[in-house]
Amino acid sequence: MTGEPLLRLEGVERTHRAADGGFALSVPRLDVAAGERVVVLGPSGSGKSTLLDLLAFLAAPDRAESFLFSPDGHSHDIAALWRRGDRAALTRLRAAHMGYVLQTGGLLPYLTVRENLLLARRLLGLEVPGPADRLAEAVGVADLLGRRPAQLSIGQRQRVAVIRALAHMPRMILADEPTAALDAGLGERVIDTLVAVSGAVGAALVLVTHDEELACRAQGRIVRCQARRGADAPGSVVAA
Ligand code: ADP
Ligand code: MG
């Protein structure tokens, strides 16, 4: 191990330009260690999704003093890849090392649960089935593998979405308000699943929420998106 964090951002900014003034997100410094649990808290509109898109290499920074990702013993210079416009390399890194849990689950409706779980591994050319069956067992959906997403309850679907993001054993899991569509009890179960399963595979977890109670439940390091004071345009600063 190099002793470097899994992810390191310094002086990273992203601005959404709009006629009414736009929005600027500033990340003075953010490290995520391997296997660490981080909870991003902030009210609606404070830039949480913008931050997650930066962390997932889905949105280009406008400025980045340093942006490094070290999932495999090598330090990949994300800022340089964006400057060169090398989207293929960014996509490869994301596909190989990250799992993204979408708010709505994002399961493909025409595939069974099992096929949904195996898709990421197939696309990466990994051995199938890998840990999919074990993960399904862990979250109590092992007997539902032959069903399609429409034949699952919302809670079951969300649990499948969580383990699907893990089926290729990524080093980092990103979850953007994964419980927004669920009632409180189901939301807690999904958070518990995310925490347990990411811990079991040793992946870092970055969980985004506006809900202080769920943030407590996840027991991660809190990072806040706070309104920027005294700036000429609206925006947030990420306080780690
Ligand atoms: P959150 O996830 O915390 O609700 P977002 O990151 O989605 O916040 O949005 C932060 C701010 O950026 C909001 O004011 C939003 O309107 C603005 N914003 C987000 N995406 C865009 C975009 N593509 N173009 C312009 N403004 C955007
Ligand atoms: Mg959001």
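For ligands, and for the atoms within them, numbers begin at 1 and follow the listed sequence. Position 1 is the first residue of the sequence; numbering continues from there.
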The Mg ion (ligand 2) reached by Ser49 (N, O or S, under 2.8 Å)
yes
Option whose closest heavy atom lies nearest to atom 26 (N) of ligand 1, chosen from Arg17, Lys48, His16, His210:
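Nearest option to atom 26 (N) of ligand 1, by heavy atoms: His16.
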I want to confirm something. Looking only at heavy atoms, which of Leu51, Thr50, Thr15, Asp53 is nearest to atom 5 (P) of ligand 1?
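Shortest heavy-atom distance from atom 5 (P) of ligand 1: Thr50.
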Mark yes or no for whether Gln151, through its side chain, and Arg148, through its backbone, hold a donor-acceptor pair below 3.5 Å.
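Confirmed, Gln151 side chain pairs with Arg148 backbone.
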Quick one: does Asn116's side chain have a donor or acceptor within less than 3.5 Å of a partner on Leu108's backbone?
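A pair under 3.5 Å: yes.
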Contact summary for [X] and [Y], nearest pair of heavy atoms:
{"X": "Ala56", "Y": "Arg94", "value": "O-NE, 2.7 Å"}
{"X": "Ser75", "Y": "Glu4", "value": "OG-OE1, 3.4 Å"}
{"X": "Leu52", "Y": "Val208", "value": "CD1-CG2, 3.7 Å"}

Those atoms of ligand 1 less than 4.0 Å from some heavy atom in Pro43
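Those atoms are 3 (O).
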Please assess Leu68 against Asp77 for the test side chain to side chain contact (heavy atoms under 4.5 Å, CB included), listing each intermediate value before the final yes or no.
CA-CA 5 Å; Leu68 300 172; Asp77 188 340; 4.3 Å; yes
Measure the distance from [atom] to every protein heavy atom, then report the residue, atom name and distance (to 0.1 Å) of the closest one.
{"atom": "atom 8 (O) of ligand 1", "value": "Gly47 N, 3.1 Å"}
{"atom": "atom 13 (C) of ligand 1", "value": "Gly45 O, 3.9 Å"}
{"atom": "atom 7 (O) of ligand 1", "value": "Ser49 CB, 3.7 Å"}

When you measure from atom 18 (N) of ligand 1 to the protein, is at least one non-hydrogen atom found at a distance under 4.0 Å?
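Under the 4.0 Å cut-off, atom 18 (N) of ligand 1 does have protein heavy-atom neighbours.
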Could you establish whether Ala18 and ligand 1 come within less than 4.0 Å of each other, counting only heavy atoms on the residue side?
no
Heavy atom of Gly42, distance to ligand 1 below 4.0 Å:
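False for this residue.
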Taking N or O atoms only and a 3.5 Å limit, does Phe23 qualify as a polar contact for ligand 1?
no
Are Val27 and Trp82 connected into the same hydrophobic cluster when the rule is that any two of I, L, V, M, F, W, Y join if their side-chain heavy atoms are below 4.5 Å apart?
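Cluster IDs for Trp82 and Val27 match.
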Under-4.0 Å heavy-atom contact with ligand 1, by part of Ser236 that carries it
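The answer is neither; Ser236 stays 4.0 Å or more away.
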Go through the steps to decide whether Tyr100 and Asp53 satisfy the test side chain to side chain contact (heavy atoms under 4.5 Å, CB included), and finish with yes or no.
CA-CA 10 Å; Tyr100 208 123; Asp53 284 350; 3.2 Å; yes
